[in-house]
S.K.: 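This structure is in structure tokens; I'll ask about it shortly.
Every chain is numbered from 1 and lettered A, B, ... according to where its sequence line falls, protein lines coming before strand lines.
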Amino acid sequence: MDESEDVPKDFIKLKSAKLSVDEVSELVVSPNCGAVSLFIGTTRNNFEGKKVIHLEYEAYTSMAETEIKKICRDVRQKWPSVKHIAVHHRLGVVPITEASVIIAVSSPHRAESLEAVMYCINTLKASVPIWKKEIYEDEYSWKENKECFWANSEK
Amino acid sequence: QVSVLYFARSAELAGLRSETLSVPRQITSLQLWEEIVKAHPRLAVIRDQVVFAVRQEYVLLGDQLLILQPGDEVAIIPPISGG
């Protein structure tokens, strides 16, 4: 790999195939970075005593990618030493324990990438137009993130 | 004429994912909602939980005046749950 091409990059992907932690971490690895921080969102098998069979995700894809790009831009403003950022989100059916989202960030030292990963997932939950449906044994439910400012959580 | 996109619960209530709608070039976001509910009355139940995305920018339902161009995308955005 030509080291002069190692400019900071954002890797954003929304896809229905199974996500790979190896693939996402390899995207952000960089010779002058000593830290790669990762977040993996996995599907839980229960919610309020109900058994979750699987999750289904849908997205306003073009806007979701734009919003994730905005998050990457904000990350680079807040933590200028961040090198590469990768956000992969799965769409369609996600079986229990499989990953629905993987976020990886590289930086020279660990503090920035750890903080940037947390910022990415928190902001994604507040602003990216992606929806999750939880499928139970005999019903389903469209979930609402508490970070979403237009959800009525106290209804 | 704008493209209206429906997602998640709003797609279930409206029974479709997208359509073109004829609306005035200048309209408040609340008036736009009311036009859409006229076409799909079952959407009325989620009025307090949705926002719009007009040309991919979030807009609350209210007095905000929208200047719409032909072919603009307007999406109904129920509460999000990504991540």
Side-chain angles (χ1 to χ4, degrees), chain A residues 12 14 39-43 47 55-71 87-91 94 99-103 117-134 140-155, chain B residues 2-21 28-34 36-37 40 42-64 66 68-83:
Chain A
I12 299 167
L14 270 47
F39 172 80
I40 307 165
T42 57
T43 59
F47 177 73
L55 302 185
E56 285 176 26
Y57 283 91
E58 67 179 68
Y60 182 3
T61 325
S62 51
M63 187 176 174
E65 286 172 0
T66 307
E67 289 295 312
I68 298 172
K69 276 193 202 121
K70 283 185 195 168
I71 295 174
V87 178
H88 280 204
H89 201 299
R90 195 161 172 193
L91 300 180
V94 182
S100 27
V101 63
I102 302 178
I103 298 174
V117 165
M118 178 151 73
Y119 176 86
C120 278
I121 184 61
N122 289 345
T123 313
L124 187 153
K125 283 182 168 288
S127 69
V128 175
I130 295 177
W131 295 271
K132 168 167 78 181
K133 192 158 123 173
E134 255 172 19
Y140 67 81
S141 164
W142 286 105
K143 306 304 297 182
E144 301 181 359
N145 288 345
K146 61 183 189 329
E147 297 84 351
C148 172
F149 72 85
W150 62 94
N152 281 4
S153 17
E154 63 283 352
K155 59 177 169 343
Chain B
V2 296
S3 256
V4 183
L5 304 178
Y6 300 91
F7 292 98
R9 185 136 182 254
S10 69
E12 288 177 348
L13 291 168
L16 76 178
R17 297 226 150 243
S18 70
E19 64 182 346
T20 38
L21 209 64
T28 69
S29 54
L30 189 55
Q31 285 167 340
L32 179 59
W33 173 256
E34 280 156 10
I36 291 169
V37 172
H40 305 285
R42 289 171 66 200
L43 286 171
V45 297
I46 55 172
R47 182 199 183 283
D48 291 338
Q49 295 153 51
V50 297
V51 297
F52 281 126
V54 179
R55 294 183 296 266
Q56 304 195 358
E57 298 284 345
Y58 291 119
V59 177
L60 294 173
L61 266 52
D63 297 330
Q64 182 164 344
L66 305 172
L68 299 171
Q69 311 284 356
D72 272 352
E73 243 174 38
V74 172
I76 316 281
I77 311 280
I80 56 180
S81 37

S.K.: In terms of heavy-atom proximity below 4.5 Å to chain B, should A:Trp150 be classed as side chain, backbone, both, or neither?
M.R.: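 The answer is both parts of A:Trp150.
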S.K.: So A:Trp131 and B:Arg9, do their side chains get closer than 4.5 Å, heavy atoms only?
M.R.: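 Of all side-chain heavy-atom pairs linking A:Trp131 with B:Arg9, none is under 4.5 Å.
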S.K.: Could you report the tightest heavy-atom contact between A:Pro129 and B:Ile77, atom names first, then the distance?
M.R.: CB-CD1, 4.4 Å
S.K.: Once you round to the nearest 0.5 Å, how far does CE of A:Met63 lie from CG of B:Leu5?
M.R.: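 Here the rounded value is 11.0 Å.
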S.K.: Using non-hydrogen atoms and a 4.5 Å limit, figure out which bit of A:Phe149 sits close to chain B: side chain, backbone, both or neither.
M.R.: side chain
S.K.: Check whether A:Glu147 gets within reach of chain B through its side chain, its backbone, both or neither, counting any heavy atom under 4.5 Å.
M.R.: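 No part of it gets close to chain B.
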S.K.: Are any non-hydrogen side-chain atoms of B:Gln49 and A:Glu144 less than 4.5 angstrom apart?
M.R.: yes
S.K.: Select one option (side chain, backbone, both, neither) describing which atoms of A:Ala99 are under 4.5 Å from chain B's heavy atoms.
M.R.: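 For A:Ala99, there is no contact with chain B at all, as no heavy atom is under 4.5 Å.
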S.K.: Side chain, backbone, both or neither: which part of A:Ala64 has a non-hydrogen atom closer than 4.5 Å to chain B?
M.R.: neither
S.K.: Side chain, backbone, both or neither: which part of B:Glu57 has an atom under 4.5 Å from a heavy atom of chain A?
M.R.: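 For B:Glu57, the contact with chain A is made by backbone and side chain together.
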S.K.: If I compare all heavy atoms of A:Thr66 with all of B:Gln56, which pair ends up nearest, and what's the gap?
M.R.: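 That closest heavy-atom pairing would be OG1-OE1, 3.3 Å.
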S.K.: Where on B:Arg17 is there a heavy atom nearer than 4.5 Å to chain A: the side chain, the backbone, both, or neither?
M.R.: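 For B:Arg17, the contact with chain A is made by the side chain alone.
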S.K.: Which one, A:Ile121, A:Leu124, A:Ile103, leads in non-hydrogen pairs under 4.5 Å with chain B?
M.R.: A:Leu124
S.K.: Tell me the closest heavy-atom pair linking A:Ser62 and B:Glu73, and the distance in Å.
M.R.: OG-OE1, 4.4 Å
S.K.: Relative to chain B, which segment of A:Tyr60 carries a heavy atom at a distance below 4.5 Å: side chain, backbone, both, or neither?
M.R.: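 For A:Tyr60, heavy atoms of backbone and side chain both lie under 4.5 Å from chain B.
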S.K.: Would a distance-only check, ignoring hydrogens and angles, find a side-chain to backbone donor-acceptor pair under 3.5 Å from A:Tyr57 to B:Ser81?
M.R.: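 It does not hold such a pair.
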S.K.: Go through the atoms of A:Lys125 and report whether side chain, backbone, both or neither lie under 4.5 Å from a heavy atom of chain B.
M.R.: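 For A:Lys125, backbone and side chain are both near chain B.
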S.K.: Does CG in B:Asp48 sit with more than 12 non-hydrogen atoms of other residues, nucleotides or ligands closer than 6.0 Å?
M.R.: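 Counting other residues, nucleotides and ligands, CG of B:Asp48 exceeds 12 neighbours.
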S.K.: So which atom in A:Ala151 and which in B:Pro79 form the shortest heavy-atom distance, rounded to 0.1 Å?
M.R.: CB-CB, 3.6 Å
